[in-house]
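See below for the structure under consideration.
Note that the structure is a prediction, hence the values are computed from the model and not measured.
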Amino acid sequence: MDGLAEERRAEMRTLYKGRHEENDSILNITRLDSQLEALAVKITAWAAKNMERLLGTAAPSTLSAEGSISERTRSRVARAASTSLSGASTNSAVSDGAGLANDISGLGISPKPAARPDNNDAALVANIKVLRKWTSTKGDFSGSEREMYGPISAFVAYVARCVQMHLSGPARISEEAAKECRLILPGSDADYQPSDSDDRTRIDLGLISSLVGDPIALYPRVDYYRLRAVLEAKRSKSENEGASAQLYEYTRQIFSQQHNLRFAWGLTACATDVRVCHFGPDKAVASEPMDVATSEGRRAFIRLLVAWSLCDDSQLGRDPTMGYMRDKGCWWIDCSDDGYDGGDIGSSSSTHNDSLGANSSKMERYYFNTTICLADRLFGRHTRCFPATKDCPAEKIPNGESLKATVVIKDAWAYAKREASEDSRDEVKSMKKIHTTFKDSNRQDILYPNIEVGGRVKIKRRGKLVEDTTLTVYDGCDSALLDVVASDILFRAHRRIAMSTIGEPLRKVRNVKEFVTVLHDAMQCHYTIVKDCRILHRDISENNVLVVRQEDGAVRGLLIDFDCAINIDEEKTGARGEMTGTYPFMSLNNLSRSEVKRTSLDDWESMLYLLCLYATVGLEKGNERSREELAELPIARWRKDDIGSVKLAKQGHLSSADVFEEQIVNHFNDKDRFVEQLRALATLLYMTLFENEDAGPLCYGTSKHTSGSSAGSKQAMRAKLSSKVPPPMLAGSTSSNSNDPFEMRAQQWELISRQLLEAMTIAKSGVDTWEDIAT
């Protein structure tokens, strides 16, 4: 395992300890309507009954859904059983999983799609022969972990065959209803690395889905973007924590690769204990173990697979308001405005209303085939951004070509109030206020995201259109679980916004000069929105500052993502004690859950961290430090997943300008041109925030007892950035006797914010005259 995988595995173990619950009611998420429920009961009973017979006898008298099997079929069964996986364990030494297709040669299913088998197929008996070694285990599994893969695959394939036999028979369910069902199948490979993995980890088994009418076939090397779930196997019943931690990492990658995933499922098999795990926005909830060594446990596992086969696709986590168009080579996605009644949701038509008032009613369909931002975390908002257009392509888009986008669509699960009308922190409301404030101003000095349409995503559930929130994710769970996962603290709403002004990720800057320009523009927008709209962003981070490259090649910066924003005037005390943002970029005030009111200074501090992190990595192509190099530097502690460690690291590194220079600034990447000017800018921002001469000595430092610094004055740092040194600022005043520097600075946030923006303006205006200083 490489260093990245080890680091992530440790992170997932930490998440397991803090985010894991066990509650059997999680299985109710896939509850069915009355017609499908009756069918599920029938299939489960039939499959379980025949499994018990087959496990206990060599030649059962009934096999197919219609009655007894013929002598010809018995002969086929005998031949299949003689080549079953239980007699092919010599392939278990194949480390890359390539031998699993051979191992399962007795399952009666083909490694490649073949002709559809008839109902009197030998597959059921062959499957049972294979899985007997697993289901007869007492305690820990006696063979190798790899020897579990075949029996587990056989169990899944057995249930798929049972589902297919029932759905293919006469008068089962309507043809239309059958189209919405699926077969859950194992992939043909085990212990392999999907090609779309972002590290070198290997999954044990992947489960996919296929149409009911398709042949039951094993598909090789299934990548994350196609998987319905990953199954992680362990030999011992005591290894559930380790298995779950690995499952967490694999599921993180599924979220990253599947754009239309609202929540995800996964499985662990520790010896004979099978658990299903549901991954929501903030919690992973697992079932109690289903022990397949018992008939009760086998029946429960069968019931789960049958429910996955018959339930609505949204109950498996898929988003019904977006989908992939194979004939066009792109995705479609619907965006509805808050207040829209959903009359034609899911159709290819759209209504348009130029009004952006509270009562506007419109829905737009967009198309995209590239992404800006992926949901690369297991828990959280799962923010995804897509450059999109309203124009549906007339024909399939050639590989490598992108649609010409006119908007960026942001899709995220943000914390919210249950009632949208009471949600004062709704990003859509903030964006509409920004739009209304600036739409007639003709200001050319700032870029701001311009909303076209936005609101809570609405999906159909049991014939009704409902808002997609935490409650729909956990629909059917008992009150004890809902009290945890859908509490007022953890309640989230699925929001989608289409906005114009299209940018690229911050990592697309090409050098220090572009980087400084982009940061200046983003923070000038921040300053203006605070001043004119009274909206505080509260989540400055690398994903929320975009690069807008103009036709002449010049760049500008764009601030996006107002999920965490608040109206300063409406929430005078509501921001106290609350944590928002991403650990590496969180202010110390934020990390400490301090009672000091959050101000724009917290966002400026986040911007300083962003500058330092990028400057340390390197901004010019080919100059970037490796992960291994970065891990040896003090700033690496800012990226720990332990909030206490991040807080202590930042407190130490920011304790004085001398320490900040020694531990952080001196480690900026010397290979970049103009790195000395970047060091000067970082030092000036630090001194303006933490050792501000104009705000007074009580505002100094990160603790109540911090001495002055000898790193140089703000005037000297300004001189490094520009030949023109501005006059000193007017000193602020304070009426408090507190010696808490965070509280003292918060009282003077407007003065200090003005100074910080001036520092960025000095840097931006000077970039064209900078000379490369040899280091």
Shortest non-hydrogen contact between Val484 and Leu490, atoms and distance: O-CD1, 3.2 Å
CD on Gln164 to OG on Ser210, rounded to 0.5 Å: 7.5 Å
Backbone N/O of Pro320 and side chain of Ser314: donor-acceptor pair under 3.5 Å: no
Side-chain heavy-atom pair Leu131, Leu55 within 4.5 angstrom cut-off: yes
Asp376 and Ser256 side chains, donor-acceptor separation under 3.5 Å: no
Side-chain donor/acceptor of Trp134 to backbone N/O of Ala271, under 3.5 Å: yes
Leu374 backbone acceptor or donor facing Thr371 side chain under 3.5 Å: no
Minimal non-hydrogen separation, Arg200 against Gln193, with atom names: CA-OE1, 3.7 Å
Full working for salt bridge (Lys or Arg N to Asp or Glu O under 4.0 Å) between Asp468 and Lys458: CA-CA 5 Å; Asp468 197 15; Lys458 300 172 181 67; over 6 Å; no
Asp334 and Thr321: side chain donor to acceptor below 3.5 Å: no
Test item: Pro289 and Val274 side chains (from C-beta on) under 4.5 Å apart, heavy atoms: no
Tyr324-His259 side chain donor-acceptor pair, cut-off 3.5 Å: no
Donor-acceptor under 3.5 Å (Asp478 side chain, Leu481 main chain): yes
Contact check, side chains of Arg182 and Val163, non-hydrogen atoms, under 4.5 Å: no
Polar side-chain atom of Asn260 near backbone of Gly323 as donor-acceptor pair, under 3.5 Å: no
CE-OG1 distance between Met51 and Thr135, expressed to the nearest 0.5 angstrom: 7.5 Å
Side-chain heavy atoms of Asp291 within contact of Lys237, under 4.5 Å: yes
Distance in Å, Asp189 CG paired with Leu205 CG, rounded so as to fall on 0.5 Å steps: 10.0 Å
Which atom of Ala286 lies closest to which atom of Ile26, heavy atoms considered: C-CG2, 4.4 Å
Heavy-atom closest pair, residues Gly280 and Phe263: CA-CB, 4.4 Å
Phe368 and Trp331 aromatic ring geometry - parallel, tilted or perpendicular at 30°/60° bounds: parallel
Pair Ser209-Arg228, side-chain donor/acceptor within less than 3.5 Å: yes
Glu21/Arg275 salt bridge by N-O under 4.0 Å criterion: no
Ile203 vs Tyr224 side-chain heavy atoms within contact, under 4.5 Å: yes
Check: Ser144 main-chain N/O paired with Glu147 side-chain donor or acceptor under 3.5 Å: yes
Arg318 and Gln258, any side-chain heavy atoms less than 4.5 Å apart: yes
Heavy-atom side-chain proximity of Leu185 to Val156 below 4.5 angstrom: no
From CA spacing to verdict: salt bridge (Lys or Arg N to Asp or Glu O under 4.0 Å), Arg299, Glu296: CA-CA 5 Å; Arg299 187 184 186 94; Glu296 180 183 0; over 6 Å; no
Interatomic distance, Asp223 atom CG to Ser197 atom OG [nearest 0.5 angstrom]: 9.5 Å
Neighbour count >12 (heavy atoms, 6.0 Å) for atom CZ, Arg377: no
Side-chain donor or acceptor of Asn50 paired with backbone N/O of Trp46 under 3.5 Å: yes
Aromatic ring proximity Phe491/Tyr415, centre distance under 6.0 Å: no
Salt bridge present between Arg262 and Asp319 (N-O < 4.0 angstrom): no
Test: Arg202 cationic atom under 6.0 Å from Tyr192 six-membered ring centre, within 45° of axis: no
N-O pairing of Arg235 and Asp140 below 4.0 Å: no
Any side-chain heavy-atom pair of Phe155 and Leu305 under 4.5 Å: yes
Worked check of side-chain contact (heavy atoms from CB on, under 4.5 Å) between Asp199 and Gln253: CA-CA 10 Å; Asp199 59 27; Gln253 302 218 46; 3.2 Å; yes
Qualifying residues under salt bridge (Lys or Arg N to Asp or Glu O under 4.0 Å), relative to Arg298, sequence neighbours excluded: Glu52
Geometric class of the His278/Tyr474 ring pair [parallel <30°, tilted 30-60°, perpendicular >60°]: tilted
Test salt bridge (Lys or Arg N to Asp or Glu O under 4.0 Å) applied to Arg19 - qualifying residues, sequence neighbours left out: none
Donor-acceptor contact below 3.5 Å, side chain Arg492 vs main chain Ala414: no
Parallel, tilted or perpendicular, as decided by the 30° and 60° cut-offs, for the rings of Tyr248 and Phe379: perpendicular
Exercise: do Asp204 and Tyr149 side chains pair donor with acceptor under 3.5 Å: yes
Minimal non-hydrogen separation, Thr201 against Pro194, with atom names: O-CD, 4.4 Å
